[in-house]
Protein chains: 4
Amino acid sequence: MPKLGMGPVRRRQLIDATIISIHEYGLADTTVTRIAKKAGVSPGIVHHYFADKDELLFETMRDMLENLRREAVDRFKRAKTPNQRLFAIIDASFSRQQFSPEVVTAWLALYASSRNSPRLARILSLYHRRLCSNLVSALKQIDPDENHHFQAEAIAALIDGLYLRAALNPDLHDMDSPRQLATRFVSQMLEQKNG
Amino acid sequence: MPKLGMGPVRRRQLIDATIISIHEYGLADTTVTRIAKKAGVSPGIVHHYFADKDELLFETMRDMLENLRREAVDRFKRAKTPNQRLFAIIDASFSRQQFSPEVVTAWLALYASSRNSPRLARILSLYHRRLCSNLVSALKQIDPDENHHFQAEAIAALIDGLYLRAALNPDLHDMDSPRQLATRFVSQMLEQKNG
Amino acid sequence: MPKLGMGPVRRRQLIDATIISIHEYGLADTTVTRIAKKAGVSPGIVHHYFADKDELLFETMRDMLENLRREAVDRFKRAKTPNQRLFAIIDASFSRQQFSPEVVTAWLALYASSRNSPRLARILSLYHRRLCSNLVSALKQIDPDENHHFQAEAIAALIDGLYLRAALNPDLHDMDSPRQLATRFVSQMLEQKNG
Amino acid sequence: MPKLGMGPVRRRQLIDATIISIHEYGLADTTVTRIAKKAGVSPGIVHHYFADKDELLFETMRDMLENLRREAVDRFKRAKTPNQRLFAIIDASFSRQQFSPEVVTAWLALYASSRNSPRLARILSLYHRRLCSNLVSALKQIDPDENHHFQAEAIAALIDGLYLRAALNPDLHDMDSPRQLATRFVSQMLEQKNG
DNA sequence: AATGAATGAGCCTTCATTCAT
DNA sequence: TATGAATGAAGGCTCATTCAT
């Protein structure tokens, strides 16, 4: 008998399985069959919920971006001061979830893929513009006179760079060190003016 | 006697073709046949010069790291002042060659692959430690009192991050903007103390 | 639900196709594609039922040994006298099935391959020890005083030798002549004592 | 400068290397390159001395048959009595050279190949007819009244069978046991009449 | 909704053979 | 005579995708 409303459940399972597979085997060796097995379903069913493998990967990336956005929004809401709002955005990138080995690997893989997938490139680019614009907004409230665009770009680059560096240390299961570096860096940047 | 000394020539051709293929098709769709065709040779000959595809990819990555190192060393030798030595290292990463679309794509692929290849992870990690240690040396000569390790890590992360951001903008064939951002960032970092 | 229980059917088809291919093209030119085509399936499906080509070949060999064993057991059960039991074992090797050109070719290939495959060598050796021990048992019941081990070895060698000779005569589609020779040979061996 | 008269030397080296390769890697994995390497020459030169790989294999088999024939002739010449002449033929098959692991493996491989190579089948068949006719001649001198053809076929089959059985025991570097069995078997066969 | 059997294209790799030197 | 670079055709195997059930 057909199970109803399995759509969202299966999609969730498959996306999670995709991330884990990318981490475990690498994107190149992440096959539909492997994903299905990890999700506990048959290979055939994958194409019931995703048009093809590409779409599954794309939706996986979109899901990751959405998770990141949600974490930023959550922190943002709880922030009281302009300064806290700025660090809410930054801290989201260094959350426990975002820094889990699986997610780090998937981010890197999808970034790399984006160079040959206009679709991936588009949503990544969109996200980055939004990140920068959010950073600019926050910075503006802290100090209206600075060159916010420059600062925002620098902060965004720093975050991505720390991500990359963290990815190089497979043993680094800890996001504190990079976050502290980012925090300290941004603090200095802000103090500079006032110094 | 046969055609002698073709080894270095073919290896060069194949490595170059590999980088271009990665850029053009993506690492996942970079096949030995495509590489060979781009190098103007038959598919079979590839295994005459490289044990297998993995080795070709690995040597390609090693070659890229070596190129980067060479560019840094060249600039370093021509530097006169401590400040120039610091920027020699930074500028190397933003050279025309390093910032060509092909090389940027390949770098991203390299980073992503390293998560599933201990071999790649090792040489990348080695390179990064060397980069940081060079930055620390240069920073020490500029201002003996600073926390050089922190600064070096920040600079290294910023460089990588700008690379990533550049990779997201496929239209950005120009390395000036990221380099200027890096330069300005580092300048401010140095001035801060003296300010 | 999918087509279920195809496993045994396909495995049977593929093993049969393998034997025919070995006969038709030789082991060296027996490709997975040819086997598949002869079995009426696609090349890809072969690896659904056998881990790799080696396993298919191994299972083919095992199947042949099992067929031979079954024929011997069948004849053995129908035998009434000790003498009949002895000839039951011998006759099994000269059954219509065992002496078909395809099976003869495959046997030869199996023997030859065993020299470079410990796995094959093991099951062949096992089979031969069992054959000898069966021969010894039968011989013992006929004449308790003889040197049964010597006799058994001689009979076993003769059977194999006649197989080889038959293989050399591609025209020899008939197993009567070798069987008669074996029968006569063994009869004389038994009479010798009593004569 | 061209070396003259290298033909026979090279052909010898290559045939020897072929036999060793078949033993070491199996016929299926005996490549021209491997043979050449084992012979200490370049892969290309093989086709200077043999039209193609098939011919090299064919010549190898012919060489093995010739060696066997020579051993038989040598022993035959030294034989004094009819009985000795019969055992000269038999013993040749169990000489140290013929029973070396390499030669046993090569014999088996080439026997198996003969099923798909009319050329190989022809010279093998020819050799066997000659062997039988020689056995018949020898048997005739011992006892003019027997059924020589039957006896010759039985002896020939036994020899081949013992070869096969010996091939199954990779540890069996010793030809004594099979030869003794053959000797004893033939002796009994001859005594039977006189008993 | 779900299975897993089945397909067929394509990938990496090997190899007999040829050829320029 | 001899080399080893080079070719190109398969071969084994994998995999996204489809389909009967």
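Below, read A as the first sequence line, B as the second, and so on, with proteins coming before strands; counting in each chain starts at 1. The basis for the numbers below is simple: all heavy atoms, side chains too, and nothing from hydrogens, waters or symmetry mates.
Contact between the side-chain N/O atoms of D/Tyr49 and the OP1/OP2 oxygens of F/dT1 is not found at any separation under 4.0 Å. Close to F/dT1, at under 4.0 Å from its OP1 or OP2, lies a side-chain N or O of D/His48. Put simply, D/Arg34 has no side-chain N or O that comes within less than 4.0 Å of OP1 or OP2 on E/dT14.
Under the side chain to side chain donor-acceptor pair (under 3.5 Å) criterion, A/Arg119 pairs with no residue, sequence neighbours left out. Taking the salt bridge (Lys or Arg N to Asp or Glu O under 4.0 Å) definition, one finds that B/Arg62 meets it with B/Glu59, sequence neighbours left out. Every side-chain contact (heavy atoms from CB on, under 4.5 Å) that D/Ser113 has, sequence neighbours left out, goes to D/Leu27, D/Leu120. Applying the side-chain contact (heavy atoms from CB on, under 4.5 Å) rule to C/Lys53 yields the partners C/Val32, C/Leu57; only residues at least two apart in sequence or on another chain are considered. With sequence neighbours excluded, no residue forms a side chain to side chain donor-acceptor pair (under 3.5 Å) with D/Thr31. For C/Glu66, the side chain to side chain donor-acceptor pair (under 3.5 Å) partners two or more places apart in sequence, or in a different chain, are C/Arg69. With sequence neighbours left out, the side-chain contact (heavy atoms from CB on, under 4.5 Å) criterion links A/Asp52 to A/Asp54, A/Glu55. With sequence neighbours left out, the side-chain contact (heavy atoms from CB on, under 4.5 Å) criterion links C/Asn116 to D/Thr105.
One atom, CZ of A/Arg10, and another, C1' of E/dA1, lie 8 Å apart when rounded to the nearest Å. Atoms CD1 (C/Ile35) and P (F/dG11) sit 11 Å apart, rounded to a whole Å. Taking atom CG on C/Leu14 and atom C1' on E/dA5, their separation rounds to 13 Å, with Å as the unit. Rounding to whole angstrom units, CG of residue C/Asp29 and P of F/dA10 are separated by 11 Å. As a whole-Å value, the separation of A/Lys37 NZ from E/dA2 P is 19 Å.
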Give me the distances for all protein-to-nucleotides 16-18 of chain E N/O pairs that come in under 3.5 Å?
| residue | atom | partner | partner atom | Å |
| --- | --- | --- | --- | --- |
| E/dA16 | OP1 | D/Lys53 | NZ | 2.7 |
| E/dA16 | OP2 | D/Val32 | N | 2.8 |
| E/dT17 | OP2 | D/His47 | NE2 | 3.1 |
| E/dT17 | OP2 | D/Lys53 | N | 2.9 |

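Along DNA chain E, the nucleotide nearest C/Val46 and the nucleotide nearest A/Gly40 are compared for position; the residue whose nucleotide lies closer to the 5' end is A/Gly40.
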Using residues 35-43 of chain C as the side-chain source, report each donor-acceptor pair under 3.5 Å to any protein atom, sequence neighbours left out, with the distance given to one decimal.
| residue | atom | partner | partner atom | Å |
| --- | --- | --- | --- | --- |
| C/Lys38 | NZ | C/Glu24 | OE1 | 3.1 |
| C/Lys38 | NZ | C/Glu24 | OE2 | 3.3 |

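Of all the residues in residues 16-28 of chain D, not one reaches under 4.0 Å from DNA chain E with any non-hydrogen atom.
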Reading 5' to 3' and counting Watson-Crick or G-U wobble pairs with both distances under 3.5 Å, write the dot-bracket notation for DNA chain E, | for bases paired outside the strand.
.||||||||||||||||||||

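Among E/dT7, F/dA6, F/dT3, the nucleotide with an atom closest to any side-chain atom of B/Ile45 is F/dA6.
Under the 4.5 Å side-chain criterion, counting only non-hydrogen atoms from C-beta, A/Tyr49 is not in contact with A/Ile15. Contact annotation: the side chain of A/Trp107 approaches that of A/Leu65 to within less than 4.5 Å [non-hydrogen atoms, C-beta and beyond].
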